[in-house]
Amino acid sequence: MDIETHPFEPWLPANAKLLMLGTFPPAPKRWAMEWYYPNFTNDMWRIMGIIFFNDKYHFVDKEHKTYKLNELMPFLKEKGIALFDTALRIRRTTGTASDKDLEIIEEADLDAMLRALPECKAVLTAGQLATKIFSDHYHIDARNLKMGEFVDFSFENRKLKLYRQPSSSRAYPMKVEDKSAFYESMFKDIEII
């Protein structure tokens, strides 16, 4: 089994108030675009469309079954949303992107990301493995963290919040509108909206 290195550069706008972390992108054969949350069945960009534009298709190019990357990047920069993942290098044990099928070879440099984001108030981890990697690294007790909740943590004399939100994967059994409600509450709490 091949070791894969993360295919995307960290998206770290200097004004970011939120760092969103998944575990690792799906295999390239599943991509609808070459950027974060690239699987066309993933709901992340529909969630953003619902929250900020009241339109789950705002960032969706339905005709070409892809996303409007030329609109996503400036939008995320304007709102102060950073993106990366908790794993830098992985091995897929069965060929899927499911957390249970990923062997983490090397974790991402979480400290460097937070240092690059001086205005960051919160970190969102979507998925159990991403939450475990992040909380283990910062010695955060997130075992009882329920969906939509956060726990405070410190990093180099800064106080931040770690949020646990529903996965944007369709494998997570929740309607996109319900997922959006969790995310919207977080965005309000950290004053992105």
Side-chain angles (χ1 to χ4, degrees), residues 1-13 16 18-104 108 123-131 147-148 163-187 192-193:
M1 292 178 286
D2 294 336
I3 293 175
E4 295 178 47
T5 299
H6 203 291
F8 311 131
E9 289 293 317
W11 172 258
L12 303 173
L18 173 69
L19 172 59
M20 292 177 44
L21 297 170
T23 306
F24 199 82
K29 66 184 177 185
R30 305 252 186 248
W31 296 359
M33 67 173 177
E34 292 187 18
W35 212 54
Y36 295 94
Y37 304 97
N39 189 327
F40 194 66
T41 61
N42 189 289
D43 282 328
M44 183 55 71
W45 305 126
R46 290 171 185 84
I47 290 168
M48 294 292 187
I50 289 169
I51 294 169
F52 292 96
F53 301 95
N54 201 29
D55 175 11
K56 73 177 173 182
Y57 298 113
H58 183 83
F59 293 114
V60 179
D61 178 346
K62 289 191 273 187
E63 181 183 347
H64 299 101
K65 290 198 168 184
T66 188
Y67 299 103
K68 300 173 184 173
L69 189 53
N70 61 327
E71 293 180 26
L72 273 171
M73 292 172 117
F75 163 78
L76 293 168
K77 189 170 186 178
E78 176 199 333
K79 294 298 180 187
I81 300 171
L83 304 169
F84 198 57
D85 288 304
T86 52
L88 184 63
R89 298 172 72 230
I90 59 100
R91 184 179 291 123
R92 295 182 203 277
T93 59
T94 63
T96 76
S98 176
D99 282 357
K100 66 180 175 47
D101 298 328
L102 296 181
E103 176 189 352
I104 308 300
V123 176
L124 154 67
T125 52
Q128 287 183 329
L129 186 53
T131 302
M147 207 59 66
Y163 282 86
R164 175 74 175 93
Q165 298 292 31
S167 171
S168 56
S169 168
R170 292 271 173 91
Y172 188 79
M174 183 184 284
K175 288 172 47 178
V176 65
E177 292 80 7
D178 295 337
K179 291 178 184 182
S180 299
F182 281 101
Y183 282 76
E184 184 171 8
S185 176
M186 174 192 66
F187 286 131
I192 288 179
I193 53 175

Steps toward side-chain contact (heavy atoms from CB on, under 4.5 Å) verdict (Met44, Phe59) = CA-CA 10 Å; Met44 183 55 71; Phe59 293 114; over 6 Å; no
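- For Glu177, the salt bridge (Lys or Arg N to Asp or Glu O under 4.0 Å) test picks out Lys56, with sequence neighbours left out.
- Note that CD1 of Ile193 and CE of Met186 are 9.0 Å apart. Values are rounded to the nearest 0.5 Å.
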Between Phe84 and Phe8, is a ring-ring contact (aromatic ring centres under 6.0 Å, His included) present by the stated rule, with each step listed?
-> CA-CA 8 Å; Phe84 198 57; Phe8 311 131; 8.8 Å; no
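- In Tyr57, the OH atom is not crowded: 12 or fewer heavy atoms of neighbouring residues, nucleotides or ligands sit closer than 6.0 Å.
- In this structure a side-chain-to-backbone donor-acceptor pair under 3.5 Å is missing from Ser180 to Ile50.
- Between Gln165 and Met20, the closest side-chain pair of non-hydrogen atoms is not below 4.5 Å.
- For Tyr67, the side chain to side chain donor-acceptor pair (under 3.5 Å) partners are Arg46, not counting sequence neighbours.
- Closest non-hydrogen pair, Lys179 versus Pro166, comes out as CG-CB, 4.0 Å.
- Considering only residues two or more places apart in sequence or on other chains, Ala87 meets the side chain to side chain contact (heavy atoms under 4.5 Å, CB included) condition with Phe24, Ile90, Ile104.
- Looking at Pro28 and Pro7, their side chains never come closer than 4.5 Å, going by heavy atoms from C-beta outward.
- When ring centroids are compared, Phe182 and Tyr163 stay outside the 6.0 Å threshold.
- Proximity of Leu129 to Thr86: side-chain heavy atoms (C-beta onward) are nowhere separated by under 4.5 Å.
- The shortest distance between side-chain heavy atoms of Leu124 and Leu19 does not fall below 4.5 Å.
- Take Met73 and apply the side chain to side chain contact (heavy atoms under 4.5 Å, CB included) test, not counting sequence neighbours, and it matches Trp11, Trp35, Leu69.
- Within the structure, side-chain hydrogen bond (donor to acceptor under 3.5 Å, both in side chains) pairs that include any residue of residues 21-31 comprise Thr23-Asp99 (at least two apart or interchain).
- Every residue meeting the side chain to side chain donor-acceptor pair (under 3.5 Å) condition with Asp61, not counting sequence neighbours, appears here in chain and number order: His64.
- In this structure Asn54 satisfies the side chain to side chain contact (heavy atoms under 4.5 Å, CB included) test with no other residue, sequence neighbours excluded.
- By the 4.0 Å N-to-carboxylate-O rule, Arg170 lies close enough to Asp43 to be salt-bridged with it.
- Two residues are said to be in side-chain contact when any heavy atoms from C-beta on lie closer than 4.5 Å; Leu21 and Val123 meet this criterion.
- Considering every non-hydrogen atom in both Gly80 and Ile192, the closest pair reads O-CD1, 4.1 Å.
- Here Asp101 contributes atom CG and Arg91 contributes atom CZ; the two are 14.0 Å apart, rounded to the nearest 0.5 Å.
- Taking the six-membered ring where tryptophan is involved, the planes of His58 and Phe53 are essentially parallel, since the angle between them stays under 30° and well short of 60°.
- For Tyr183, the side chain to side chain donor-acceptor pair (under 3.5 Å) test picks out no residue, with sequence neighbours left out.
- Side chain of Thr66 to backbone of Ala32: a donor-acceptor contact under 3.5 angstrom is found.
- In plain terms, the two heavy atoms of Ala126 and Ser167 that are nearest each other are CB-CA, 4.4 Å.
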Would Asn42 and Ser168 count as a side-chain hydrogen bond (donor to acceptor under 3.5 Å, both in side chains) if you check the C-alpha gap in whole Å, the side-chain angles of each, and the deciding distance to 0.1 Å?
-> CA-CA 6 Å; Asn42 189 289; Ser168 56; 2.8 Å; yes
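- Among residues at least two apart or in separate chains, salt bridge (Lys or Arg N to Asp or Glu O under 4.0 Å) pairs with a member in residues 74-89 are Arg89-Glu106.
- To the nearest 0.5 Å, the span separating CE on Met33 from NZ on Lys68 amounts to 12.5 Å.
- In this view, Thr5 satisfies the side chain to side chain donor-acceptor pair (under 3.5 Å) rule with no residue, not counting sequence neighbours.
- Qualifying salt bridge (Lys or Arg N to Asp or Glu O under 4.0 Å) partners for Glu71, counting only residues two or more places apart in sequence or in other chains: none.
- Phe187 meets the ring-ring contact (aromatic ring centres under 6.0 Å, His included) test with Phe52; sequence neighbours excluded.
- Around the CD atom of Glu103, the shell of radius 6.0 Å holds more than 12 heavy atoms that belong to other residues, nucleotides or ligands.
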For Arg92 and Glu4, run side-chain contact (heavy atoms from CB on, under 4.5 Å): C-alpha distance rounded to whole Å, both residues' side-chain angles, the deciding distance at 0.1 Å, then the answer.
-> CA-CA 8 Å; Arg92 295 182 203 277; Glu4 295 178 47; 2.6 Å; yes
